[in-house]
Amino acid sequence: MHTIEMSAQEQEQAIETARQVAAEFSKLGPQADKDNTFAYPSAAIMKDSGLVGLSVPKEFGGMGADIWTTCKVAAELSRGDPGIALAYNMHYIMVGILNGSFTDDQRKEWLPRIADGDILCGTFSEERGFGGLADTKAVPQPGGGWKLYGKKMWGTLSEVSDIWSGSATITDADGNLPTDFEARVAAESNFIVALDAPGTAPGLEIRKTWDAMGMKATGTHTLVFDGFYVPEDGYCGEMRGGVFASLEWASLLFASVYWGLAIRCYEETRAILRTKHTGPIFSADVGADLKARDIGYIQDGVGEIAYRNELTRRVIQATCRQLIEGDDDDWDPSMRPALIGMAKVFSTENAAHVTHKAMRLVGGASYRRGHVLEKLYRDAAAGPFQPLTEDQTYMYMGRLELGTGQDDDE
Ligand SMILES: Cc1cc2nc3c(=O)[nH]c(=O)nc-3n(C[C@H](O)[C@H](O)[C@H](O)COP(=O)(O)OP(=O)(O)OC[C@H]3O[C@@H](n4cnc5c(N)ncnc54)[C@H](O)[C@@H]3O)c2cc1C
């Protein structure tokens, strides 16, 4: 499942390209954050860089990046700007998940297009979150295919997407959802559709509702479907089975965006604290002219951030390596999502911790709007909401350890 196609040199080249793209993202990100808008020029930058086809296998014209290389690219992009990186991360997540559930014909149809630069969004979450079974209906059409009706609340990247993918529940011919729970789970399906132009197709409306604390450049708007047509060959299999079978592409890529955010936080904090002088002060540390870097707790704090970020890298890298080496074959299948999700939980918690810590070390200036740490702190706050959440991960693990649902003598 996780084969290595790239040479070490090709991997390094992809990461170097990501660094160059990240430099452009870092110029766009603060303004997009200020204006609460998607960073539109980022789409051409991504397409020109070739990184849209990063994880498409070589036989379909892509770069053939494995999961660890893709994670490192995601982290580099996030060092440039976490909001813009999280948007394109959704593309990488969907390429990984759909590649796992495509038929051979679908692989031949979609992967070369993506390798050529077609951007993909992935919309699952509705009003009832990611856990709620899709209330969006896929109503079978007499001539074949489905028409979609409903609303996706979290449409990251949708405005520049050439391809839509996401979930809907197949109904009967009259548009009635299955009433039986198991039948409803089985009817919840993934679909993929080429759009007429980025974010544009009959029966699809993007409502610009995104107004959040951080991650503003993701452009996570609401998608409204009113008769949006999905042809027969746009069916990509059962939704939960498909997503959970390839959950690593979500968990580890989310983890990598927040890892990149934490590295950026460290780099900015270190740069500030290396040169900061207090001038004459009278506070916990008294001095005629104190250098911030000579204060003990600042040394400890910077060390702690470096230490935690390095641990985060190790957790993501080790999890990728476990998958590449097939260690997961020996895992209890019901624990697989949580065992992979651990890396995401670790990384998102780390990002929240280090941004908070960095602000304390740098001082009150970092609390002002427009300060680089103020933005990173707000962006980091989005981490817990992407699946699997901390609570879900802990609960799955705790449930299995406690034997919840089993008889006492089992
Ligand atoms: C910046 C950003 C971008 C996003 N982009 C996208 C996107 O492109 N596509 C997309 O589909 N979604 C996207 N999402 C949505 C995200 O994945 C969640 O669906 C969304 O945050 C709502 O989920 P929730 O867990 O907060 O809400 P709910 O699902 O309502 O959860 C509420 C509470 O119940 C808990 N809970 C829910 N389900 C379970 C369960 N099965 N077991 C145990 N506990 C559970 C949750 O942990 C939480 O505490 C994005 C979110 C953010 C913040």
Side-chain angles (χ1 to χ4, degrees), residues 12 14-34 39 42 45 51 68-69 71-89 214-217 253-277 291-295 297-317 346-383:
E12 194 39 56
I15 291 158
E16 182 48 38
T17 304
R19 284 191 194 115
Q20 290 162 14
V21 169
E24 299 301 314
F25 283 5
S26 71
K27 292 180 207 156
L28 298 171
Q31 195 62 41
D33 179 73
K34 198 170 166 212
S42 63
I45 295 169
L51 286 180
W68 173 229
T69 306
C71 284
K72 283 191 282 186
V73 164
E76 287 297 338
L77 297 179
S78 186
R79 269 173 81 186
D81 186 79
I84 305 177
L86 187 65
Y88 293 99
N89 207 52
M215 292 295 189
K216 294 179 188 241
L253 282 165
F254 283 136
S256 301
V257 166
Y258 292 93
W259 169 40
L261 186 160
I263 298 171
R264 174 73 183 274
C265 169
Y266 173 69
E267 290 167 342
E268 297 286 350
T269 305
R270 185 183 56 185
I272 294 167
L273 295 174
R274 266 185 181 162
T275 55
K276 185 172 174 173
H277 285 240
K291 284 183 185 158
R293 68 175 190 217
D294 290 339
I295 300 173
Y297 72 84
I298 286 188
Q299 294 161 1
D300 284 0
V302 169
E304 188 203 338
I305 297 174
Y307 163 90
R308 285 171 151 267
N309 287 358
E310 173 57 16
L311 268 183
T312 303
R313 182 187 71 77
R314 292 185 191 193
V315 169
I316 299 171
Q317 183 178 17
F346 192 85
S347 180
T348 52
E349 285 191 338
N350 179 60
H353 179 88
V354 300
T355 49
H356 185 206
K357 179 98 194 184
M359 289 175 79
R360 294 208 318 256
L361 298 179
V362 164
S366 66
Y367 189 59
R368 289 182 184 274
R369 195 173 291 283
H371 193 282
V372 62
L373 293 181
E374 177 262 347
K375 177 177 178 302
L376 291 173
Y377 177 81
R378 287 186 286 106
D379 286 345

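All values reported here derive from a predicted model rather than from experimental measurement.
- Listed for the Asp81 side chain is no donor-acceptor partner under 3.5 Å among the backbone atoms of Ser26.
- Using a 4.5 Å heavy-atom cutoff, the side chains of Arg369 and Glu374 are in contact.
- Partner of Leu373 under the side-chain contact (heavy atoms from CB on, under 4.5 Å) criterion, out of Met359, His356, Arg264: Met359 alone.
- Taking 4.5 Å as the limit, every side-chain heavy atom of Leu311 sits out of range of all side-chain heavy atoms of Asn350.
- Pairing each heavy atom of Val73 with each of Ala18, the nearest pair is CG1-CB, 3.8 Å.
- Results of the side-chain contact (heavy atoms from CB on, under 4.5 Å) test with Trp259 over Ile263, Leu261, Val257 single out Ile263 as the only residue that passes.
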Checklist entry - Can Arg378 and Lys216 be said to form a side-chain contact (heavy atoms from CB on, under 4.5 Å), step by step? => result CA-CA 10 Å; Arg378 287 186 286 106; Lys216 294 179 188 241; 3.6 Å; yes
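- With rounding to the nearest 0.5 Å, the separation of CG in Leu361 from CG in Asp300 is 9.5 Å.
- Considering every non-hydrogen atom in both Ala32 and Ala39, the closest pair reads CB-CB, 4.1 Å.
- Here the options are Leu86, Thr312, Val354, the test is side-chain contact (heavy atoms from CB on, under 4.5 Å), and the partner is Tyr258; only Leu86 passes.
- By the 4.5 Å heavy-atom criterion applied to side chains, Ile316 and Ser256 are counted as neighbours.
- The 12-atom threshold is exceeded at CZ of Arg360, counting heavy atoms of other residues, nucleotides or ligands nearer than 6.0 Å.
- When all heavy atoms of Ile84 and Ser42 are compared, the pair lying nearest together is CG2-CB, 3.7 Å.
- Once rounded to the nearest 0.5 Å, the distance linking OH of Tyr88 with CZ of Phe25 reads 5.5 Å.
- Note that CZ of Phe254 and OG of Ser347 are 11.5 Å apart. Values are rounded to the nearest 0.5 Å.
- Side-chain atoms of Asn89 come within 3.5 Å of backbone atoms of Leu253 as a donor-acceptor pair (strictly under, hydrogens ignored).
- Under the 4.5 Å side-chain criterion, counting only non-hydrogen atoms from C-beta, His353 is in contact with Arg308.
- Note that CE of Met215 and CG of Asp379 are 4.5 Å apart. Values are rounded to the nearest 0.5 Å.
- Residue Ala22 comes nearest to Leu77 through the heavy atom pair CB-CA, 4.1 Å, listed as atom of the first residue, atom of the second, then distance.
- Side-chain N or O atoms of Thr355 include one that pairs as donor or acceptor with a backbone N or O of Ala351 at under 3.5 Å.
- Applying side-chain contact (heavy atoms from CB on, under 4.5 Å) to Arg19 and the options Ile15, Val21, Thr17 leaves one that passes, Ile15.
- Between Glu267 and Arg270 there is no salt bridge, since none of the side-chain N atoms of the basic residue sits less than 4.0 Å from a carboxylate O of the acidic one.
- Between the CD atom of Gln20 and the CG atom of Leu51 there is a distance of 9.5 Å, given to the nearest 0.5 Å.
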Item to check | Test log, rule salt bridge (Lys or Arg N to Asp or Glu O under 4.0 Å), inputs Glu304 and Lys357 | outcome: CA-CA 9 Å; Glu304 188 203 338; Lys357 179 98 194 184; 3.1 Å; yes
Checklist entry - Given the rule in the side chain to side chain donor-acceptor pair (under 3.5 Å) test, do Tyr377 and Ser366 qualify, once you have shown the distances and angles that lead to the verdict? => result CA-CA 10 Å; Tyr377 177 81; Ser366 66; over 6 Å; no
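- Of all non-hydrogen atoms in Arg293 and Arg274, the two that sit nearest each other are NH1-O, 3.2 Å.
- For the pair Glu76 and Lys72, the salt-bridge criterion is not met [side-chain N within less than 4.0 Å of a carboxylate O].
- The shortest heavy-atom contact between Thr269 and Ala358 is OG1-CB, 3.2 Å.
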